[in-house]
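Here the structure comes first, spelled out in structure tokens, and everything after it is commentary.
Reminder, nothing fancy here: chain letters follow the sequence lines and each chain counts from 1. Computed from a prediction, not measured in an experiment: that's the story for all the values here.
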Amino acid sequence: DGGITQSPKYLFRKEGQNVTLSCEQNLNHDAMYWYRQDPGQGLRLIYYSQIVNDFQKGDIAEGYSVSREKKESFPLTVTSAQKNPTAFYLCATTTGGANVLTFGAGSRLTVL
Amino acid sequence: AQSVTQLGSHVSVSEGALVLLRCNYSSSVPPYLFWYVQYPNQGLQLLLKYTTGATLVKGINGFEAEFKKSETSFHLTKPSAHMSDAAEYFCAVSGRIGGSYIPTFGRGTSLIVHP
């Protein structure tokens with residue numbers, strides 16, 4: 001079955017540690033997105049990538065970094081510079097244009 | 001620039017009652033509009049979308065939405081609520097910004113269904 005795999009589903013980390021969230025897709029979609037979800041704030045765009053080896057900052061990119069070395073993979077690193085990293089992180093893909101987003105199941109990060 | 005406003009962070013209805021979730025958008029370009037649903041600790045799933053053509057759009061699970069350009073609205077309705085409809089609902093707009101379509105989401109509305 002085609003889809004998006006996010007891992008880990010739950011992650012606990014201490015303050016000051018960098019963490020990397022994985023997003024892998026086998027849908028052959030060109031565009032990939034990372035969103036952060038906090039209660040009552042909806043989804044906010046962190047980074048997006050339309051093609052391999054290219055990505056752009058979204059609305060809340062500070063404290064995050066990404067790479068897009070392969071079409072299938074778009075990992076997100078939450079760095080120690082992110083002041084409030086505890087959140088639910090969602091990866092999504094689309095074939096491009098204004099098409100429908102396909103979402104992964106999400107990763108919940110808790111910083112202790 | 002584009003934005004989405006969802007009126008009401010929580011909507012409570014009785015089972016069998018009409019569901020109405022409100023969404024207003026702003027966009028400097030012709031928008032594509034979407035409604036997604038999210039169940040606890042899961043990703044989002046598409047309910048329905050408007051791109052062009054007929055302004056009344058039917059989606060899954062009996063939901064529908066009407067695009068009203070003059071009111072910049074895309075409200076979601078369902079004639080009769082079911083307990084399984086309890087979830088978080090997100091309205092989204094996607095307009096062409098530069099060379100890309102960037103989806104923007106509203107803050108979400110939590111639908112509560114009482115027996």
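Contact detail for A/E69 and A/N53: the closest heavy-atom pair is CA-OD1, 3.9 Å. Nearest heavy-atom pair, B/Q42 versus A/L90, reported as atom, atom and distance to 0.1 Å: O-CD2, 4.4 Å.
Looking at A/Q56, neither its backbone nor its side chain comes within 4.5 Å of chain B, counting heavy atoms on both sides. B/Q38 touches chain A through its side chain: at least one heavy atom from C-beta onward sits under 4.5 Å away, while N, CA, C and O do not. Only the side chain of A/Y10 has a heavy atom closer than 4.5 Å to any heavy atom of chain B. Both the backbone and the side chain of A/L43 come within less than 4.5 Å of a heavy atom of chain B. With a 4.5 angstrom heavy-atom cutoff, B/L44 touches chain A via backbone and side-chain atoms both.
A/E72 pairs by the side-chain hydrogen bond (donor to acceptor under 3.5 Å, both in side chains) definition with nothing, not counting sequence neighbours.
The aromatic ring centroids of B/F105 and A/Y35 lie less than 6.0 Å from each other.
The choice from A/D59, A/L101, A/L45 that makes the most heavy-atom pairs within less than 4.5 Å of chain B is A/L101. Of the listed residues B/P31, B/P103, B/G108, the one with more heavy-atom pairs under 4.5 angstrom with chain A than any other is B/P103.
Atom NZ of B/K68 sits about 10.0 Å away from atom CG of B/L56, to the nearest 0.5 Å.
Counting heavy atoms from C-beta on, the side chains of B/D85 and B/F63 come closer than 4.5 Å.
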